[in-house]
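Just below is one structure, and these are the notes that go with it.
Just so it is clear: chains get the letters A, B, ... in the order the sequence lines come, proteins before strands, and each one is counted from 1.
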Amino acid sequence: MCKSRTTVMRYSQYFIPTVKETPSDAEVISHKLMLRAGMIRRLAAGIYNYLPLGLRSIRKVEAIVREEMNRAGAIEMLMPAVQPAELWKESGRWEFYGKELLRFKDRKDNEFCMGPTHEEVVTDLIRKEVRSYRQLPINLYQIQGKFRDEIRPRFGLMRGREFIMKDAYSFDVNEAGADVSYAKMYKAYRRIFERCGLKFRAVEADTGSIGGTSSHEFMVLADSGEDAIVSCSACEYAANMEKAETRNAPACEHADPRPLERVTTPGQKSVEEVAAFLGVNGAQVVKTLVLLADGEPVLALLRGDYDLNEIKLKNHLGCAEIEMAGDDVVQKVTGAPSGYAGPVGLPGKVKVVADLSLQGLHNFVVGANAADTHLKNVNLERDFSVDGFVDLRNVVLGDACPRCESGTLEIWRGIEVGHVFKLGTKYSKALKAGYLDADGKEQIIYMGCYGIGIGRTVAACIEQNHDENGIIFPIPIAPFQCIVSALSAKEDAVKETSEAIYQELLEAGIEVLLDDRDERPGFKFKDADLIGIPLRIVVGAKNLADGRVELKERRSGAVELLTIAEAVAKVKATVKEALQA
RNA sequence: CGGAAUGUAGCGCAGCCUGGUAGCGCACCUGCUUCGGGAGCAGGGGGCCGGAGGUUCGAAUCCUCUCAUUCCGACCA
């Protein structure tokens with residue numbers, strides 16, 4: 001047994017700076033507990049030190065990820081964090097990616113960025129090295145630090161700017177091959193998150209700035225999750241809110257169009273205010289949102305009780321950036337202050353896109369493009385026309401499932417811990433990554449990419465596994481599997497016995513932390529609970545007089561008085577069982 | 001980027017309005033007692049009051065600028 005190894009597993013020699021008080025800037029439970037348990041410390045906004053305990057859990061997740069990636073045939077490598085701008089310009093993302101991409105120059109004034117992801121780098125590598133179909137398929141991955149200059153980092157490791165990510169990239173000769181690679185990764189991801197002991201769902205997702213043709217997100221279910229996810233009550237359909245669709249039932253009313261009416265609505269701007277003022281419900285008010293799509297004004301029409309899904313609009317328009325227009329633009333486009341925009345009698349030519357829910361809607365209310373004025377009994381075609389009907393809204397609880405007849409949609413909160421994409425040829429085309437097929441003909445490579453947030457997975461795990469006393473780690477990703485608390489560490493019998501148990505567990509390959517500190521029992525118990533070690537053996541003078549020690553399970557709180565041999569055997573058995581993959 | 005707030009000991013905060021000796025709790029150090037769920041008493045160390053400029057006899061406190069952080073919104077694997 002290596003001496004140095006045993007030394008650092010003594011609490012008195014180790015570094016676990018726990019704190020009793022909750023730091024004021026932590027909001028979500030995982031952030032609070034990771035700070036309190038001495039797992040992480042903040043260095044700058046969204047940038048953290050990983051302290052020994054936190055690092056151990058991260059390494060556990062990494063190890064599981066490695067095993068499953070290797071099992072799925074992926075090959076580990078390591079790419080640089082700093083990337084040259086020219087590659088990003090070649091793929092077109094230097095312009096597209098936005099401020100999230102941290103850019104800087106070297107001493108020679110050449111442009112670089114901190115890599116937020118590595119499609120460009122890996123594709124560049126492959127295009128230089130792969131010539132023949134015989135070299136494909138291949139799937140390369142790395143576990144590496146990334147940087148994204150998030151607008152608003154928060155929640156500790158959940159949304160940091162610097163973070164550890166596993167990213168894998170598959171290269172295939174054609175789409176069918178890419179589908180196989182994708183399916184392998186999907187399956188590996190399920191195994192990874194199952195082994196981490198997480199409750200999760202795989203959902204259909206938008207491809208965002210990574211691009212590509214289709215994707216799934218792996219979402220850990222947690223009320224504190226930043227993402228809304230949608231699932232069907234009856235079938236397997238699950239998607240994130242950005243992507244989720246519904247079967248839009250046509251509005252059933254066949255009301256005759258009533259004459260258009262202009263009404264004064266002083267100070268009534270929001271849908272709620274207008275609806276209440278006019279005595280109609282929100283569904284009868286159509287809201288007109290003025291947006292800027294790559295700087296061009298666009299009007300989006302939605303039923304008042306629905307929310308705009310900007311991703312859907314962005315995808316429909318095929319633009320890079322979309323944002324709500326400021327008051328000055330609203331004034332210019334509609335001729336009225338914001339709050340009174342409408343599609344009828346617009347002063348100039350502007351693109352108008354309507355949500356599907358407007359089809360078949362009659363006699364609704366819209367802004368009149370004049371201050372303090374709305375129009376009642378507005379009807380499509382008669383009063384205005386649109387440039388198309390598109391699904392533009394977020395689904396709501398109870399909407400009809402788009403895939404089956406009977407189901408309705410349910411909404412959950414989730415934390416995105418993994419994301420798999422079919423990229424198609426987006427990057428291989430842009431960077432000209434091709435190969436020669438069996439006929440000697442030039443072909444383009446089909447790609448996929450697959451990410452897992454390592455730190456985020458640990459944080460998500462804590463969101464799902466904690467109580468009022470602290471973290472409750474599942475054994476597979478616990479920083480230590482067992483803690484031996486030597487109460488009254490000064491007494492020889494206690495000291496010797498706890499040492500013996502510690503050594504025996506170490507030799508059995510158990511990751512054990514010996515709490516040999518000269519502290520009061522309550523203090524040690526509180527720390528042990530806080531840092532979430534799944535199993536605890538307490539060696540105290542009283543029980544030891546009967547030749548017994550106490551074995552306590554962190555999660556259930558179940559306590560057993562056992563002989564030393566029994567306790568050791570039980571710890572071994574419990575850990576072994578938990579690690580069975 | 002829009003709105004709001006906060007920077008005072010390692011952490012959590014008071015003091016600021018009404019300018020005049022920089023304080024409390026936790027943590028830390030020493031001693032004694034205590035010892036199965038974050039002990040008690042006594043003593044002690046630790047501060048350029050985020051930074052720069054200004055007003056004033058005198059600024060943690062008032063004014064201006066700046067930097068940082070946090071919250072709400074928008075945005076985002």
Q: Answer yes if the ring centres of A:F421 and A:Y169 are under 6.0 angstrom apart, and no otherwise.
A: no
Q) What does A:F163 touch in the nucleic acid at a heavy-atom separation under 4.0 angstrom: a base, only the sugar-phosphate, or nothing? A) base
Q) For atom P, what is the distance between B:rU18 and B:rG10, given to the nearest Å? A) 31 Å
Q | Summary of protein contacts for nucleotides 37-42 of chain B, nucleotide by nucleotide, where a base hit scores B, a sugar-phosphate-only hit scores S (4.0 Å, heavy atoms) | A | BBB---
Q | Residue list, side chain to side chain donor-acceptor pair (under 3.5 Å) with A:E90, at least two apart or on another chain | A | A:R127
Tabulate protein N/O versus nucleotide N/O from nucleotides 66-70 of chain B, keeping only pairs under 3.5 Å, one per line.
from   : atom 1 : to    : atom 2 : distance (Å)
B:rU69 : O3'    : A:R42 : NH1    : 3.3

(Q) Assess whether a salt bridge exists between A:R554 and A:D467, defined as any Lys/Arg side-chain N lying under 4.0 Å from an Asp/Glu carboxylate O. (A) yes
Q.
Aromatic contact between A:F480 and A:Y11, with the criterion being ring centroids under 6.0 Å apart: yes or no?
A. no
**Q.** Under 3.5 Å on both distances, the Watson-Crick or G-U partner of B:rG7
**A.** B:rC67
Q | Pairwise C1' distance, B:rA68 and B:rC76 [rounded to whole Å] | A | 23 Å
Q: Write down the distance separating the P atoms in B:rC11 and B:rG47, rounded off to the nearest Å.
A: 14 Å
Q.
Need one value for A:G418: base, sugar-phosphate or nothing, where a base atom within 4.0 Å counts as base even if backbone is also close, heavy atoms only.
A. nothing
Q: Provide the distance between the two C1' atoms, one in B:rU61 and one in B:rG50, to the nearest whole Å.
A: 16 Å
Q) Which residue pairs pass the side chain to side chain donor-acceptor pair (under 3.5 Å) test when at least one of the two sits in residues 31-47 of chain A, sequence neighbours left out? A) A:H31-A:Y48
Q. Distance between the C1' atoms of B:rG38 and B:rG43, in whole angstroms?
A. 23 Å
Enumerate, atom names and distances included, each donor-acceptor pair closer than 3.5 Å involving a side-chain atom of residues 222-230 of chain A, sequence neighbours excluded.
from   : atom 1 : to     : atom 2 : distance (Å)
A:S224 : OG     : A:E463 : OE1    : 2.6
A:E226 : OE1    : A:R159 : NE     : 3.3
A:E226 : OE2    : A:R159 : NE     : 3.1

**Q.** Same-atom distance (P) from B:rC62 to B:rA5, integer angstrom
**A.** 14 Å
Q. Which value, in whole Å, describes the distance between the P atoms of nucleotides B:rC41 and B:rU56?
A. 50 Å
Q: Go through A:R10 and A:E499 one step at a time and tell me if the salt bridge (Lys or Arg N to Asp or Glu O under 4.0 Å) criterion holds.
A: CA-CA 10 Å; A:R10 288 167 205 277; A:E499 280 284 346; 2.5 Å; yes
(Q) Restricting to side chain to side chain donor-acceptor pair (under 3.5 Å), what partner residues turn up for A:S91, sequence neighbours left out? (A) A:E120
